[in-house]
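One structure is given below, encoded as C-alpha cells.
The figures here come from the full heavy-atom set of this structure, side chains too, leaving out hydrogens, waters and symmetry mates. Residue numbers begin at 1 in each chain, while the letters A, B, ... track the order of the sequences.
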Amino acid sequence: MILIQTEDFDVGEEYRALQQASPGCGAIVTFSGIVRDMAGQQRVDALVIEHYPGMTEKSLQSLCEQAHQRWTLGNIRIVHRIGQLAADAQIVFVGVSSQHRAEAFAACEFLMDNLKTTAPLWKKQLSGDTQHWLEAKSSDDIAASRWHKQAK
Amino acid sequence: MQINIRFFALLREQLGCEHIEFDYQGERTIAALRHTLAAHGDAWLALINGNTLAAINHTLCQDHAIISEGDEVAFFPPVTGG
C-alpha cells in the first residue's frame, strides 16, 4: 500500500494495518522519518515537499516490486507526506512484514535508501526569512548504491 | 509531434514554467530535446549544463531515450525525498 498525502499519519494505525495485512508474519519492521529542527548550524522552521504526482506512486510501486523479488516478504506499507511540514513533523513511514526479522530489516532499509534517490520528491527548507531547495546528498547515493552491487 | 513537458522544484522556479505543450520537430531523443529547450534563454541552459534528470511517462530515463508522440516528458533536479 502506497499513500502520498498532506495529512499526518499515526504510526500505531499504520502498524496495525500492516499487521492485519500480514497473516503468518513473525516480524514487522517500521521506519519513521521526522523533519529535523536544525540543518548544520541553521534552524529549520519547516520543509515544503513537492512531488511529481503519478510518477511518485509508480516509482514507489516499482521499489516494492523489487523488494518482493529480493526477499520473501509479507506486505509493505509506505506513507509519504507532501506540502508544508513544520520542524518535528513526520514525513515518511515505511513498514515491512515478513516471516523473520532479517528480511524485514533489510527490505525496510532497501526501500528507504532507494526512495531517497529515485522517488521524485523534493524538499525546500524554510528558515526565518530565507528558503532554499535542498540538494541531493552523495551519502544518500552511496547508501543506495550498495544495494545495486550486492546480490541477495 | 506533440509532447507535454513538465518541470519540477528548483528547475520549475528557475524557468518560471511548470508545464508546456510543445510541438517538437527535432531528433527524438531526450538529449536533442534538452538542446532545443536550452535555446529558449539563459535559465534554460540548466537543461544541458546541470545535473537535471529526465523522465518519460513517469519513468526515469537516460539522454539516449526515445520520445514518441503524446509522451509526457519531465525534467527535474536530483531528488531529495524521504
Side-chain angles (χ1 to χ4, degrees), chain A residues 2 4 31-36 39 47-63 65 78-83 85 90-94 108-125 131-141 143-144, chain B residues 2-22 24 29-31 33-34 37 41-82:
Chain A
I2 292 162
I4 308 297
F31 170 84
S32 304
I34 314 286
V35 179
R36 273 185 292 270
L47 296 178
V48 177
I49 302 189
E50 178 173 326
H51 83 124
Y52 182 178
M55 182 170 170
T56 309
E57 293 83 348
K58 187 174 177 179
S59 64
L60 293 178
Q61 191 59 48
S62 167
L63 288 180
E65 286 162 14
I78 299 177
V79 183
H80 203 298
R81 295 181 69 198
I82 52 171
L85 306 177
Q90 301 185 114
I91 307 176
V92 61
F93 172 90
V94 174
C108 191
E109 215 171 359
F110 165 87
L111 289 164
M112 266 315 298
D113 285 348
N114 286 282
L115 179 157
K116 288 186 88 80
T117 53
T118 62
L121 293 136
W122 301 273
K123 293 189 186 116
K124 181 190 265 188
Q125 182 182 312
Q131 48 177 265
H132 70 276
W133 289 97
L134 299 187
E135 289 187 13
K137 294 184 212 152
S138 57
S139 57
D140 287 335
D141 287 332
Chain B
Q2 204 69 30
I3 55 174
N4 292 310
I5 310 179
R6 302 184 66 173
F7 306 98
F8 290 93
L10 176 63
L11 183 65
R12 171 178 57 73
E13 289 186 353
Q14 286 173 335
L15 300 179
C17 179
E18 185 172 331
H19 173 236
I20 49 177
E21 289 182 14
F22 196 53
Y24 180 56
T29 62
I30 289 290
L33 177 61
R34 282 179 187 270
L37 293 172
D42 285 351
W44 295 78
L45 289 171
L47 286 163
I48 50 173
N49 291 339
N51 47 4
T52 306
L53 305 177
I56 298 177
N57 298 330
H58 295 170
T59 300
L60 275 176
C61 67
Q62 301 296 314
D63 275 356
H64 56 75
I66 302 295
I67 307 161
S68 302
E69 170 78 31
D71 277 353
E72 179 168 297
V73 178
F75 293 102
F76 44 78
V79 302
T80 56

- Proximal component of A:Lys58, with respect to chain B [non-hydrogen, under 4.5 Å]: side chain

- Side chain, backbone, both or neither: which part of A:His51 has a non-hydrogen atom closer than 4.5 Å to chain B? backbone

- Item | Test item: A:Lys123 side-chain N/O and B:Gly82 main-chain N/O as donor-acceptor pair under 3.5 Å | yes

- Item | Residue pair B:Val79 / A:Pro120: nearest heavy atoms and the distance that separates them | CG1-CA, 3.6 Å

- Task: Answer whether the closest heavy-atom distance between the side chains of A:Lys124 and B:Glu13 falls below 4.5 Å.
- Result: yes

- Whatever's closer than 4.5 Å to a heavy atom in chain B on A:Ser59 counts as neither

- Task: Kindly check if the number of other-residue, nucleotide or ligand heavy atoms within 6.0 Å of CG (B:Asp42) is above 12?
- Result: no

- Message: Nearest 0.5 Å, please: how far is CD in B:Gln14 from CH2 in A:Trp133?
- Response: 11.0 Å

- Side-chain donor/acceptor of A:Trp122 to backbone N/O of B:Phe8, under 3.5 Å: no

- Item | Within 6.0 angstrom of B:Gln62 CD, more than 12 heavy atoms from elsewhere | no

- Query: What part of A:Glu135 gets closer than 4.5 Å to chain B, counting heavy atoms only: side chain, backbone, both or neither?
  - Reply: backbone

- Note on the structure: Given B:Pro77, B:Ala74, B:Ala9, B:Pro78, the one with more heavy-atom pairs under 4.5 angstrom with chain A than any other is B:Ala9

- Note on the structure: Applying a strict 4.5 Å limit to non-hydrogen atoms, the region of B:Asn51 in contact with chain A is neither

- Query: Contact part of B:Ala55 toward chain A, heavy-atom cut-off under 4.5 Å: side chain, backbone, both or neither?
  - Reply: side chain

- Message: For a 4.5 angstrom cut-off between non-hydrogen side-chain atoms, does A:His132 reach B:Leu10?
- Response: no

- Separation of A:Met55 CE from B:Thr59 OG1 (nearest 0.5 Å): 6.5 Å

- Item | Side chain, backbone, both or neither of A:Ile49 within contact of chain B (heavy atoms, under 4.5 Å) | neither

